[in-house]
Amino acid sequence: MADAKVIPFDDDRSRGNGASGAGSGENGGSAAPRPSRRRGGAARRKGAAGAAGAAPAGEVQPLPVRGGAAREDDGTAPHGPSGTASDRPAGDDGVPGDDGGLERRIAAGLAFLRRRLTGNYEIDDFGYDAELTDQVLMSMLRPLYENYFRVEVKGVENIPADGGALIVANHSGTLPLDGLMMQVAVHDHHPADRHLRLLAADLVFVLPVVNELARKLGHTLACAEDAERLLAQGELVGVMPEGFKGIGKPFGERYKLQRFGRGGFVSTALRQGAPIIPCSIVGAEEIYPMIGNSKTLARLLGFPYFPLTPTFPWLGPLGAVPLPTKWTIQFGEPIRTDGYAPEAAEDPVLMFNLTDQVREQIQHTLYKLLVQRRSVFF
């Protein structure tokens, strides 16, 4: 694998049409290749795939719900699809029947498979597949989120219900699971059902399989151009300015924020007038306690670091299992940027001050959450 080059998020230079990742030039200024929109033989359905509405001709329809006859013992009238599980006739074991719900789920699953096989679904210009994310990828991440890390979410009401906004979070944990858990937190807990679009380093987009999954989840290259496009479209964007410095820091420096770059995320927020929402994540630092770094192996593999933990690589694949720590994700109060003039994005003093304000707010919240935490695992 070629050496991965991180394109700094605060690099505001325009990128060309060349490929990014391993094939980018020394300046790291080329844009990530845009996946082309997949088109089926028939016209695309309007809106996100899987949304409520009339199904196109030829689509698998939900099977009719079996209506029960009037019960002779209590005179209950038969119920249609709108009846609740407790309203429907009980089975032989006395448990309320759920045949209609099961049939609908089977029909929906078959319809989903048909759309995937025929290409009758939509992805945006960045490769984001809303239907696959909602119905498959989030379902795969949710057990890790709910049962393994038992994530507690605070302050989700600070995320606006609509319009562009930039969530800025600390980064840690040796592997970037914190970004994925933050994405599930927004997806499952925000009252407006918002989706978080994460900005990632170019290493993500040169790794096999990981590249495709990241695109489907809505991730894109951590550069000013892509971030501004998403914010202009009213998307919720997530960035972790520490980058590899944060995720690959030694265990002895846990919960100590690294440098936030040159303030590129602040400049992007100012250009779009988007609020900045600080986010503090506690629990990710301990999933892979990094006690060493094999720089020789990192250079050979093209990685920014090669972690050595108490279990990895000594226990082989078993050592790659993260520790089941207890997580807390807290979203802070928004820092508004719409009151500044357009030229404020070019003011280095203002960018430095706002960057420092965001960093200090995240660090202060981290300390506060650590004091409140009873245990690493409980």
Taking the six-membered ring of F251 as reference, does the cationic atom of R254 (NZ for Lys, CZ for Arg) lie under 6.0 Å from its centre and within 45° of its axis?
yes

Rounded to the nearest 0.5 angstrom, the OG-CD distance for S280 and Q361 is 7.5 Å

key: Verdict with supporting geometry, R373 and E286, salt bridge (Lys or Arg N to Asp or Glu O under 4.0 Å)   = CA-CA 13 Å; R373 183 169 66 169; E286 295 90 359; 3.2 Å; yes

Would you say that more than 12 heavy atoms from the other residues, nucleotides or ligands in this model lie under 6.0 Å from the CG of D162, or not? no

The reported gap from CG in D193 to CG in D188 (rounded to nearest 0.5 angstrom) is 9.0 Å

Inset, instruction - Please examine the side chains of L217 and Y128, heavy atoms only from C-beta on, and report whether any two atoms are closer than 4.5 Å. - result: no

Could you check whether any side-chain N or O of W314 sits under 3.5 Å from a backbone N or O of T309, counting only pairs where one atom can act as donor and the other as acceptor?
yes

Within the distance-only criterion (no hydrogens, no angle test), does the side chain of S172 pair as donor or acceptor with the backbone N or O of G246 below 3.5 angstrom? no

Go through the steps to decide whether D178 and M240 satisfy the test side chain to side chain contact (heavy atoms under 4.5 Å, CB included), and finish with yes or no. CA-CA 10 Å; D178 52 357; M240 295 173 164; 3.9 Å; yes

Taking atom CZ of R336 as the centre, does the number of heavy atoms from other residues, nucleotides or ligands within less than 6.0 Å exceed 12? no

Report yes if some heavy atom in the side chain of R262 is under 4.5 Å from a heavy atom in the side chain of S267; otherwise report no. no

Margin query: Would the distance check show the side chain of T337 and the main-chain N or O of A269 forming a donor-acceptor pair, the cut-off being under 3.5 Å?
Written below: yes

Going by heavy atoms in the side chains, are R215 and T220 under 4.5 Å from each other?
yes

State whether the side chain of Q258 and the backbone N or O of K256 hold a donor-acceptor pair below 3.5 Å, judged by distance alone.
yes

Could you tell me whether the side chain of R271 and the main chain of E228 form a donor-acceptor pair under 3.5 Å?
no

| said: Would you say Q183 and Y145 are linked by a side-chain donor-acceptor pair, where the criterion is simply a distance under 3.5 Å? | reply: no

request  = Could you give me the CA-CA distance, side-chain angles and deciding distance for T325 and F149, then say whether side chain to side chain contact (heavy atoms under 4.5 Å, CB included) is met?
outcome  = CA-CA 6 Å; T325 59; F149 295 135; 4.2 Å; yes

Does a side-chain N-to-carboxylate-O contact under 4.0 Å join E131 and K216?
no

Exercise. Under 3.5 Å, side chain of R259 to main-chain N/O of K245, donor-acceptor pair present?
Worked result: no

T296 meets the side-chain contact (heavy atoms from CB on, under 4.5 Å) criterion, sequence neighbours left out, with R299, L300

Is the shortest side-chain N to carboxylate O distance from R116 to D129 below 4.0 Å?
yes

Sorted by chain and number, sequence neighbours left out, side-chain contact (heavy atoms from CB on, under 4.5 Å) with Q372 holds for K154, K368, L369

Open item on the list: For residues L308 and L301: do they belong to one hydrophobic cluster (side chain heavy atoms under 4.5 Å, members Ile, Leu, Val, Met, Phe, Trp, Tyr)?
Closed with: yes

Taking Y148's backbone N and O only, do any of them form a donor-acceptor pair with R150's side chain (distance below 3.5 Å, no angle check)?
yes

Under a 4.0 Å N-O cut-off, is there an ion pair linking E285 with K249? yes

Nearest heavy-atom contact between A165 and L231 is O-CD2, 3.4 Å

ask   = Do L270 and L350 have side chains that get closer than 4.5 Å, going by heavy atoms?
value = yes

Item checked: Carboxylate-amine/guanidinium proximity below 4.0 Å for R229 and D124 -> no

So CG of L132 and CG of L137: to nearest 0.5 Å the spacing works out to 4.5 Å

Practice item. Check the angle between the aromatic planes of F260 and F265 and answer parallel, tilted or perpendicular using the 30° and 60° thresholds. Key: perpendicular

Closest non-hydrogen atoms of F244 and A201, given as atom of the first, atom of the second and distance, are CZ-CB, 3.8 Å

Do L366 and L257 have side chains that approach each other closer than 4.5 Å (heavy atoms only, starting at C-beta)? yes

Correct closest heavy-atom pair for N170 and I281 would be OD1-N, 2.8 Å

**Asked** So do the side chains of I159 and V156 get within less than 4.5 Å of each other, counting heavy atoms only?
**Response** yes

Quiz item: Are any side-chain N or O atoms of Y305 and backbone N or O atoms of T174, one a donor and one an acceptor, separated by less than 3.5 Å?
Solution: yes

Do N158 and P334 come close enough that some side-chain heavy atom pair is under 4.5 Å? yes

**Item:** Geometric class of the H195/H187 ring pair [parallel <30°, tilted 30-60°, perpendicular >60°]
**Value:** perpendicular

Nearest heavy-atom contact between A169 and M182 is CB-SD, 3.8 Å

Closest non-hydrogen atoms of P310 and I291, given as atom of the first, atom of the second and distance, are N-CD1, 4.0 Å

Q.
Looking at N293 and F306, would you say the former's side chain and the latter's main chain have a donor-acceptor pair under 3.5 Å?
A. yes

(message) Quick one: does any side-chain atom of D356 pair with a main-chain N or O of F352 as donor and acceptor, under 3.5 Å?
(response) no

Note: V237 and A227 closest approach over all heavy atoms is CG2-O, 4.5 Å

Tell me whether Q233 at atom CD has more than 12 heavy atoms from other residues, nucleotides or ligands lying less than 6.0 Å away.
yes

(request) Please tell me if the side chains of P307 and L175 come closer than 4.5 Å, counting only heavy atoms from C-beta onward. (result) no

